[in-house]
Every structure is written in C-alpha cells, then in structure tokens.
Amino acid sequence: MNDEIIKEIIQLKKEKNAVILAHYYVDGEIQEIADYVGDSYYLSKIAVNCKEDTIVFAGVKFMGESAKLLNPHKIVLMPDEDADCPMAHMCDEYFIQRKREEYDDLCVVTYINSTAHLKTLSDVCVTSSNAYKIVSQLPNKNILFIPDQNLGKHIAKMLPEKNFIFCNGYCPTHFRITVDELKEAKKLHPNAPVLIHPECRPELVELSDYSGSTAGIIDYARNDGHDEFIVVTEIGVLYKMQNENPHKKFYTVTKNQVCPNMKKNSLEKIRDCLKYQLNEVVLDEEFMEKAKKPLEMMHSLAK
Ligand code: 13P
Ligand code: SF4
C-alpha cells in the first residue's frame with residue numbers, strides 16, 4: 001500500500017516540480033521520502049534556496065507560513081491544514097504593545113514557532129539552534145522573548161547582562177514531561193546522558209547533559225561515545241537517531257512525547273495535497289512584507 005503511494009508521490013513531484021521538506025517530528029515513513037529533513041532553522045534555509053516551483057511542508061502551519069514568507073512566489077502546500085502549533089498563538093498584540101510602551105529600547109524576539117501575525121509585530125525571529133547567537137548580538141538591553149517562555153529562560157540564563165521579559169507561552173508536548181518522569185528514567189539508565197530540547201521546563205533542562213535543537217540532539221548522539229541516551233523531546237527524532245546509530249540505545253521518559261499536530265501528516269495527505277493542490281498557504285502581500293522582515297533579520301544575524 002505504502003509502496004503505491006510512494007510511487008505516486010515521486011511521479012507527482014516530477015510533474016509539479018515539487019520538493020518535500022519534513023521536520024524531525026513527523027513519522028519516519030515521511031522522513032524517509034522527504035527531500036530534506038531537519039530542524040526549523042535548517043528547513044527555513046532550504047525554503048529560501050530551493051529551486052522547485054512547489055514546496056510541500058510536512059510539519060505544522062508556522063513552518064509552511066515561514067516558507068511562504070521567505071519565498072512568496074512559490075506555491076507552498078501543507079499536507080494537513082489543521083496541523084497547527086498551539087504555542088504559535090500564545091502571545092497577543094496588546095501584550096507586545098504594552099511592553100513596547102514600557103521599555104524604550106525593547107527588542108521583540110520571536111521564536112519561529114509563532115503565527116505570521118505575531119511575526120508582523122516582531123523585530124527578529126530565532127529558532128532553538130540560533131537563539132543565543134542572535135540575541136547575544138542585539139544592542140538592546142530589554143528583550144521581549146515570545147511566545148516560548150522556556151526557551152526564553154534558557155537563553156536568558158546565558159545572557160545575564162540583558163533584561164528578559166516573557167509571556168506565558170509554552171509547548172504542550174514538552175510541558176507534559178515531568179521532573180519525576182525524568183528522574184525515574186535516570187534511575188533506570190544511570191549511564192545514559194540526558195539529551196533535552198529547551199522547550200522543556202527549566203527544572204528538566206537543569207537535569208540534562210546536553211540541551212539543543214532537534215538537529216543538535218541528533219548530532220550529539222552521533223558524535224558522543226556513549227552507547228545509550230535518554231531523549232527528552234518529541235519521539236520523531238528517534239527515527240533518525242536509531243537509523244544513524246543502530247548499535248546505540250535511545251530511551252524516552254514517557255509515552256507522552258508525541259506532538260499530535262506533527263502526527264497529522266501522512267503519506268496519503270502528502271500525495272493528495274500534491275495531486276489536488278490542497279491547503280495552499282495564501283497570505284496577503286502587504287502582510288507578507290511585514291512578517292518576512294524578522295525572518296530575514298534572523299537569517300542575516302545567524303550567518
Ligand atoms: P527545532 O527542530 O528547531 O528544534 O524545533 C522544535 C519544535 O518544536 C518544532 O516544532
Ligand atoms: Fe508546537 Fe510543541 Fe508540536 Fe513543536 S512539538 S509543533 S512547539 S506543539
């Protein structure tokens with residue numbers, strides 16, 4: 001069954017001159033057929049440079065929107081139009097406005113996991129792999145970091161000279177993982193380093209040996225000499241880790257390490273969105289001009 005669908009996808013990609021981008025959190029069978037698989041920063045760079053006319057983005061809405069903003073003349077298709085990141089919505093324009101009035105030199109630093117609307121109100125975007133590099137280059141003392149308070153607090157710890165302000169946003173998938181669950185996993189696997197995503201709560205990040213983006217976690221497991229690891233992020237990363245390191249063991253701390261929105265992507269939906277040109281990302285031109293600025297700023301500061 002899958003073989004048939006994969007054949008159709010390959011054929012459709014040729015006919016439509018399309019490329020498939022997939023995030024590490026989607027199912028392994030999608031990562032297998034994608035042209036590019038990566039973390040949010042890597043995929044946004046691919047979106048800027050790819051030559052094909054159509055981009056199919058197996059991920060969540062903010063990823064497709066970012067690809068469209070960076071490449072307004074391309075067709076960007078989402079396999080599932082309801083695959084949306086709840087955290088992307090966890091700040092609002094009135095909060096940002098109030099903070100801008102309160103602080104003269106405020107820089108609004110927005111995690112790429114945000115709506116295009118929030119991006120129109122922002123100065124610069126960041127991802128988990130470049131946030132420190134970017135914020136450390138900003139001349140501003142006052143940083144409003146939205147919407148992920150956990151990633152923001154992680155970066156703030158490394159930059160004590162700045163004054164960070166947060167909103168209450170968080171990733172529900174990473175938030176669900178508890179300190180007790182991690183402690184239990186450490187008891188069961190005392191020799192396994194803990195690799196964690198900074199979207200987890202700070203109390204968990206403190207108990208880790210390495211924290212970084214999905215690509216950073218995968219690189220660490222590849223290059224480190226240990227033969228077992230506790231992985232504290234969405235379970236999709238295990239596909240690449242296990243494939244690259246068949247003799248190493250990878251443990252999750254709970255069965256809950258699943259992002260239901262990333263899991264809405266499927267091979268069938270990839271085929272169908274290509275076949276019928278479904279779920280195209282369409283944004284107003286003037287709006288796109290504003291929303292792409294912080295993304296372009298990110299790309300120039302992250303170089
Ligand atoms: P990265 O792949 O950039 O680490 O992002 C993680 C994530 O939560 C994407 O939704
Ligand atoms: Fe959003 Fe979290 Fe899912 Fe990433 S893992 S898409 S941040 S809900």
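Starting from 1, each residue takes its place in the sequence as its number. Just follow the structure's listing: the first ligand is 1, and inside any ligand the first atom is 1. Computed from a predicted structure; not experimentally measured.
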- Query: Is atom CD of E285 surrounded by more than 12 heavy atoms (other residues, nucleotides or ligands) closer than 6.0 Å?
  - Reply: no
- Task: Give the ring-plane orientation class for Y25 versus H174, where under 30° counts as parallel, over 60° as perpendicular and anything between as tilted.
- Result: tilted
- Message: Measuring only between side-chain heavy atoms, which start at C-beta, is L69 closer than 4.5 Å to K119?
- Response: yes
- Please lay out, stage by stage, how R201 and E206 fare under the test salt bridge (charged side-chain N to carboxylate O under 4.0 Å, His left out). CA-CA 9 Å; R201 299 185 232 184; E206 266 172 35; over 6 Å; no
- Of K293, R100, K290, which is the lone residue that meets salt bridge (charged side-chain N to carboxylate O under 4.0 Å, His left out) with D123? R100
- Taking atom types as modelled, is there a side-chain donor on E228 or Y251 under 3.5 Å from an acceptor on the other? yes
- Query: Quick one: does C171 get a heavy atom under 4.0 Å from ligand 1?
  - Reply: no
- Note on the structure: D39 heavy atoms within 4.0 Å reach ligand 1 at atoms 1 (P), 2 (O), 3 (O)
- Closest protein heavy atom (residue, atom, distance) for atom 4 (O) of ligand 1: H197 NE2, 2.7 Å
- Task: Give the contacting part of T127 toward ligand 1: side chain, backbone, both or neither, where contact means a heavy-atom distance below 4.0 Å.
- Result: neither
- Numbered atoms and elements of ligand 1 in range of M262, under 4.0 angstrom, heavy atoms: 10 (O)
- Item | Pair K240 + E244: basic N to acidic O under 4.0 Å | yes
- Query: Could K141 and E161 be called an ion pair, given the rule that one side-chain N must be under 4.0 Å from one carboxylate O?
  - Reply: no
- Query: What atoms of ligand 1 come closer than 4.0 angstrom to any heavy atom of S213?
  - Reply: 4 (O)
- Message: My understanding is that only one of T233, T214, I217 makes a side chain to side chain contact (heavy atoms under 4.5 Å, CB included) with Y24; could you say which?
- Response: T214
- Item | Ring-face cation of K153 near F166 (centre distance under 6.0 Å, axis angle within 45°) | yes
- Message: Under 2.8 Å from atom 1 (Fe) of ligand 2, which protein N, O or S atoms do you find? Ignore water molecules.
- Response: C85 SG
- Task: Find all atoms of ligand 2 within a distance of less than 4.0 Å from any non-hydrogen atom belonging to Y25, and give their numbers and elements.
- Result: 5 (S)
- Which atoms of ligand 1 are found less than 4.0 Å from any heavy atom of E199? 6 (C), 7 (C), 8 (O)
- State the atoms of ligand 1, each with its element, that fall below the 4.0 Å cut-off from a heavy-atom position in N113. 7 (C), 8 (O), 9 (C), 10 (O)
- Could you go step by step and tell me if E15 and K275 meet the salt bridge (charged side-chain N to carboxylate O under 4.0 Å, His left out) rule? CA-CA 10 Å; E15 277 169 30; K275 199 169 179 173; over 6 Å; no
- Query: Tell me: protein heavy atom nearest atom 3 (O) of ligand 1, and distance?
  - Reply: S40 OG, 2.9 Å
- Task: Indicate yes or no: does an N/O atom of Y41 lie under 3.5 Å from an N/O atom of ligand 1?
- Result: no
- Quick check, are the ring centers of H299 and Y41 under 6.0 angstrom apart? yes
- Message: Taking 4.0 angstrom as the limit and counting only heavy atoms of S128, give me the atoms of ligand 1 inside it, by number and element.
- Response: 1 (P), 3 (O), 4 (O)
- Using heavy atoms and a threshold below 4.0 Å, how should the contact between E234 and ligand 1 be classified: side chain, backbone, both, or neither? neither
- Does an N or O from T214, backbone or side chain, lie closer than 3.5 Å to an N or O of ligand 1? yes
- Query: Are a donor atom and an acceptor atom from the side chains of K264 and N261 found within less than 3.5 Å of each other?
  - Reply: yes
- Query: With the threshold set at 4.0 Å, does a side-chain nitrogen-carboxylate oxygen contact exist between K7 and E4?
  - Reply: yes
- Per-residue contact class, I112 against ligand 1 - non-hydrogen pairs under 4.0 Å: neither
- How does Y24 reach ligand 1, by side chain, by backbone, by both or by neither, if only non-hydrogen atoms under 4.0 Å count? neither
